[in-house]
Colleague: 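Okay, here's the structure, questions in a sec.
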Amino acid sequence: VNRGRVPVVGVVLLSIGTAGIVAAAPTLGHSFNEVVSECCAVVSLTVCLLAVVGPDRVRAWFRLGFAGVCVRFGSGAASAVPGVWMRVAAWLMPGSVGQEWLAEAHSVMFEAAPGVRRSIERSYLLAAWHVLVVAWAAALTGRLRAARAARLPGGRGR
Amino acid sequence: MAFRMTVQTLLVLQALLRDPGRERYGLELSEETGLLPGTAYPILMRLEKEGWVSSRWEDIDPVAEKRPARRYYRLTASGATEASAAMASARRPTRAALRGLLEGGQA
């Protein structure tokens, strides 16, 4: 985790969250106490996001674009480029899993007939939760195992 | 076997077992199995995690070839053995069910 980016990303997230709550409060008719509790929820959500996901990944969510993965090969293949929801799903995946998933989807969509590209994209999006669960489970298990190994005498596992 | 053997998994294994030495890419596998590529991806991911399948990215220059690189999948040696066993055990209940149906019809 890049600790240097924690304050910047945290401040950005908190500003967006609190500004949204304060702006929406008159419209929603929320009382002062409700606004305070919603701001507390934003603070805890920000802390959880930074602790679990890491500031680099949160920053990546803001930067829409997967440079080098989805190259456009001429205007005729524009429909073969995965849409924004595919990219959002890919960013939610740990490590390089999302990038590989997106690259394969792009490769398959590119070679498929233009008429079926949307249904292929939909199938990838519908199965994304499965990839997310498997990938995060593997990543968290790996992290736990590494942490346990580091705690062993000598700082090394088996 | 650490994962659940679904019909979709069996379809993917069956397609890979047709020619275990040959590499197949996502679209090819999808055409052979009748599954949408998005559905086949998590299955192939699980099979790769279990060591039944290995994958590699095609080594091409996408700009020169005017298409993105493909990801090729193939059964590993142990994967082919495990997949054959899984296919055989998946067929067994069907035979038993058919026998039961036949015996039921005769009664």
Side-chain angles (χ1 to χ4, degrees), chain A residues 66-78 80-83 85-86 89-90 93-139 141-142, chain B residues 1-13 15-16 22-75 79:
Chain A
F66 237 78
V69 175
C70 300
V71 187
R72 285 176 192 268
F73 298 93
S75 57
V81 175
W85 289 114
M86 289 280 289
M93 294 170 192
S96 62
V97 176
Q99 204 159 342
E100 290 202 347
W101 176 76
L102 198 63
E104 177 157 338
H106 177 45
S107 146
V108 168
M109 280 167 70
F110 185 86
E111 294 198 36
V116 295
R117 280 177 187 160
R118 288 303 119 201
S119 64
I120 289 176
E121 186 172 14
R122 216 173 303 130
S123 80
Y124 271 97
L125 273 174
L126 287 172
W129 69 270
H130 200 157
V131 181
L132 263 164
V133 169
V134 172
W136 272 111
T141 314
Chain B
M1 186 165 50
F3 55 90
R4 210 158 56 90
M5 198 53 72
T6 60
V7 177
Q8 283 95 333
T9 310
L10 288 169
L11 282 170
V12 171
L13 288 176
L16 289 168
R22 194 162 74 87
E23 291 183 312
R24 289 170 178 83
Y25 61 99
L27 194 63
E28 207 177 357
L29 266 173
S30 146
E31 282 162 2
E32 281 187 44
T33 56
L35 298 171
L36 281 164
T39 315
Y41 188 88
I43 296 169
L44 288 163
M45 194 180 152
R46 265 190 310 146
L47 291 173
E48 194 174 5
K49 206 173 134 243
E50 293 296 324
W52 291 29
V53 165
S54 65
S55 74
R56 68 166 182 96
W57 282 98
E58 193 182 19
D59 190 20
I60 57 155
D61 177 12
V63 179
E65 295 283 331
K66 292 190 174 72
R67 67 169 176 85
R70 294 169 177 168
R71 190 176 182 177
Y72 283 106
Y73 296 93
R74 71 187 293 177
L75 278 172

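Scope of the values below: all heavy atoms of this structure, side chains included, with no hydrogens, waters or symmetry mates. Protein chains get the first letters and strands the later ones, always in sequence-line order, with residue 1 at the start of each.
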Colleague: Tell me, for A:A128 versus chain B, whether the close heavy atoms (under 4.5 Å) come from the side chain, the backbone, both or neither.
Modeller: neither
Colleague: Looking at B:R70 and A:E104, is any side-chain nitrogen of the basic one under 4.0 Å from a carboxylate oxygen of the acidic one?
Modeller: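 No salt bridge links A:E104 with B:R70.
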Colleague: Any idea which heavy atoms bring B:P68 and A:S107 closest together, and the distance?
Modeller: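 Scanning both residues, the minimum pair turns out to be CG-CA, 3.8 Å.
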Colleague: In Å and rounded to the nearest 0.5 Å, what is the NE2 to OH distance from A:H130 to B:Y41?
Modeller: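 A:H130 atom NE2 to B:Y41 atom OH measures 12.0 Å (nearest 0.5 Å).
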Colleague: How far does CZ of A:F110 sit from NZ of B:K66, to the nearest 0.5 angstrom?
Modeller: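 It comes to 10.0 Å.
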Colleague: Heavy-atom cut-off 4.5 Å, strictly under: side chain, backbone, both or neither for A:A112 against chain B?
Modeller: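 Contact with chain B: backbone and side chain both.
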Colleague: Can you confirm whether A:Y124 sits close enough to B:P37 that some side-chain heavy atom of one is under 4.5 Å from a side-chain heavy atom of the other?
Modeller: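 A side-chain contact exists here, since the closest heavy-atom pair is under 4.5 Å.
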Colleague: Output, in order, the C-alpha distance, side-chain angles, deciding distance and verdict of side-chain contact (heavy atoms from CB on, under 4.5 Å) for A:W101 and B:M45.
Modeller: CA-CA 10 Å; A:W101 176 76; B:M45 194 180 152; over 6 Å; no
Colleague: Identify the heavy atoms of B:G38 and A:S123 that sit nearest to each other, and give their distance.
Modeller: N-OG, 3.0 Å
Colleague: Would the number of heavy atoms belonging to other residues, nucleotides or ligands and lying under 6.0 Å from CH2 of A:W129 be above 12?
Modeller: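 No, because the 6.0 Å sphere around CH2 of A:W129 holds 12 heavy atoms or fewer from other groups.
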Colleague: Find the distance between CD1 (A:I120) and CG (B:L27) and round it off to the nearest 0.5 Å.
Modeller: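 Separation between the atoms: 6.0 Å.
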